[in-house]
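Both counts, for ligands and for their atoms, begin at 1 and track the order of listing. No hydrogens, no waters, no symmetry mates; every other heavy atom, side chains included, goes into these values.
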Amino acid sequence: VAMAYLAWRLAQRWCPSSLQVISFPVVQLHLNRTAMRASQKDFENAMNQVKLLKKDPGNEAKLKLYALYKQATEGPCNMPKPGVFDLINKAKWDAWNALGSLPKETARQNYVDLVSSLSSSLESSSQVEPGTDRKSTGYETLMVTSEDGITKIMLNRPTKKNALNVEMYHEIMHALKAASKDDSAITVLTGNGDYYSSGNDLTNFTDIPPGGVEEKAKNGAILLREFVGCFIDFPKPLIAVVNGPAVGISVTLLGLFDAVYASDRATFHTPFSHLGQSPEGCSSYTFPKIMSPAKAIEMLVFGKKLTAGEACAQGLVTEVFPDSTFQKEVWTRLKAFAKLPPNAMRISKEIIRNREKEKLHAVNAEECSVLQGRWLSDECMNAVVNFLSRKSKL
Ligand SMILES: CCCCC/C=C/CC(=O)SCCNC(=O)CCNC(=O)[C@H](O)C(C)(C)COP(=O)(O)OP(=O)(O)OC[C@H]1O[C@@H](n2cnc3c(N)ncnc32)[C@H](O)[C@@H]1OP(=O)(O)O
C-alpha cells in the first residue's frame, strides 16, 4: 500500500480529457479519444495535481494508479508473484500483471486520464461544505436524491454487492448529516442492484497504514463508532428499503431504523463468528430486545441466515412485500408518510427513542472496542484471507 500510495503521489498531472469509462482490471480502459498521447511533461505535471487532491481516492484507484505507473515506466510485469499471504504485494502484482502487454505509451495516457478523472470527482466533492446538501454526483459510492419530502440514500456499488468501503462509511455519514438538516420529512436507505448490502468491504482489511495492523484496527474502531453514532442520533424517521440480501453491518444497523420494509427476495445474515468477529451496530443490545436473546444468538453468534418472512416474524423487519411489486408498494407508502407533519414525526421519534440513546452510545463504544481486538485475531485474519483468496483477489 505504501508503494501504491507512493505511485499515486507520483501520479501524473491533471489533464482534462475525455475518459468515458474505467473498469477494473485497469487494462479495460475505454477512451473516446483516439490519437491523444500524454507527454512526459503531462506525466510530471500530474504529480503536482495529484498532490492537490484533498481526498484519498481509495484502494482500487490507488492500485490502478500503481499498475499504470509501473507499466508506463517499466513495461509489463515480470516480477515473481508474491505469496498468497503477502496480501498487499499480491494485490499490487495482480493489478500490474493484469495490464499484460499494454504499451508503455497507452499506460501513460491511461494514467493521465485516470488522474484527470480522479481530480474532477474528488475535487468536486471536497469543495462542498460539511452539512450542506450534496448533489448525487458529489458522491462516489452513493446516489442521494431528495424529492417528495423523502431523502433517499442509495448504496451504489452494485458490482461489489454494495459492500461498505471506507469511503462509503464517510459518505453515508455525510449524507445522514445533510439529510438531518434538509427539508425532507423522512430519510430512506436502500441499495442499488440485486443486493441491499454485503456488509463491510473485506478489502478494507488490506489497506494497512504505516503504524501497522494495530493502527488499522484502532482507526477502524474510531470510524465504526462515529458511523454507528450517526444512526443512533439521526433525528428524523429513518427507513430501510431492503431490496435484496443484507449481510453483516447492513443487518445489525436495522435495529436502529424506525421501519424496515423488505422484498421477499431479501435475506438477513450476520456471519460474525465465521469471520472471527463480533456484533456491531448496537445489535448486541437491540437484537435480543427485538427478537429475544435466544433468537439473537442464533443470528449473531451462530450466523443463522433469516428469510425476509422469518426476519419479519421476529420483529426485525416491519413488513415484507413480493419482489414484483416491492418498489411500487413501498414508495407509494413512503410518499404518504412523507406528507405527514414533519415536526410531529420528529418529536414523536424523539420521545420514543431518546431514553435509549445514552445506552446505545455506551453499547456502541463497547462493541467497537471488542471488535478492535477481534480484527487483530488470527481467526479474523484467516477468514478475511480465505474470502479474498476464494475470490482470487489476493
Ligand atoms: C470501519 C470498519 C467497520 C467494520 C464493520 C464490520 C462489519 C462486519 C460485517 O459487515 S461482516 C460481513 C462482511 N461481509 C461478508 O462476509 C460478505 C462477503 N461476500 C460474500 O460472501 C459474497 O460476495 C456474497 C454472498 C455477498 C455474494 O456472493 P455472489 O457469489 O453472489 O457474488 P460475488 O461473491 O461474486 O460478489 C460480487 C463481487 O462483489 C465482491 N464482494 C461482495 N461482497 C464483498 C465484501 N463484503 N467485501 C468485498 N468485496 C465483496 C466480490 O468480491 C465480487 O467482486 P469481484 O467481482 O471483483 O470478484
State the CD1-CD1 distance between I150 and I186, to the nearest 0.5 angstrom.
4.5 Å

Answer side chain, backbone, both or neither: which part of F387 comes under 4.0 Å from ligand 1, heavy atoms only.
side chain

Give yes if a backbone or side-chain nitrogen or oxygen of F272 is under 3.5 Å from a nitrogen or oxygen of ligand 1, and no if not.
no

Shortest heavy-atom approach to atom 39 (O) of ligand 1 - which of R374, H274, K160:
K160

So which bit of S198 gets within less than 4.0 Å of ligand 1, heavy atoms only: side chain, backbone, both or neither?
both

Tell me, do M299 and F268 make a side-chain contact under 4.5 Å, heavy atoms counted?
yes

Where ligand 1 meets G248 - atom numbers and elements under 4.0 angstrom, heavy-atom basis:
9 (C), 10 (O), 11 (S), 12 (C)

Heavy atoms only, cut-off 4.0 Å: how does L275 contact ligand 1, side chain, backbone, both, or neither?
side chain

Heavy atom of N204, distance to ligand 1 below 4.0 Å
no

For ligand 1, find out whether one of its N or O atoms is nearer than 3.5 Å to an N or O atom of A163.
no

If you count the atoms of ligand 1 from 1 in the order shown, which ones are under 4.0 Å from a heavy atom of G199?
10 (O)

A student checking ligand 1 against W375 at a 4.0 Å heavy-atom cut-off should list atoms 4 (C)

Could you tell me whether L223 approaches ligand 1 through its side chain, its backbone, both or neither, with non-hydrogen atoms closer than 4.0 Å?
side chain

With no hydrogens and no angle check, do the side chains of S197 and N162 hold a donor and an acceptor under 3.5 Å apart?
no

Would you say N200 and ligand 1 have an N/O pair spaced under 3.5 Å apart?
yes

By number and element, which atoms of ligand 1 are closer than 4.0 Å to a non-hydrogen atom of Y195?
24 (C), 25 (C), 26 (C), 27 (C)

Check the angle between the aromatic planes of F321 and F326 and answer parallel, tilted or perpendicular using the 30° and 60° thresholds.
tilted

Is it true that D201 and K160 have a side-chain N and a carboxylate O under 4.0 angstrom from each other?
no

Just checking, is any N or O donor in the side chain of T141 or E167 under 3.5 Å from an acceptor N or O on the other one?
no

Are the charged groups of D194 and K161 less than 4.0 angstrom apart, N to O?
yes

Are any of the heavy atoms in T159 under 4.0 Å away from ligand 1?
yes

Are side-chain N/O atoms of Y169 and N200 paired as donor and acceptor at under 3.5 Å?
yes

Given that the side chain starts at C-beta and the backbone is N, CA, C, O, which of these parts of F205 lies under 4.0 Å from ligand 1, counting heavy atoms, or is it both or neither?
neither

Between K152 and E147 (salt bridge meaning N to carboxylate O under 4.0 Å), is one present in this structure?
no

Are more than 12 heavy atoms, taken from residues, nucleotides or ligands other than E319, located less than 6.0 Å from that residue's CD atom?
yes

Of all the atoms in ligand 1, which lie at a distance below 4.0 Å from a heavy atom belonging to G220?
1 (C)

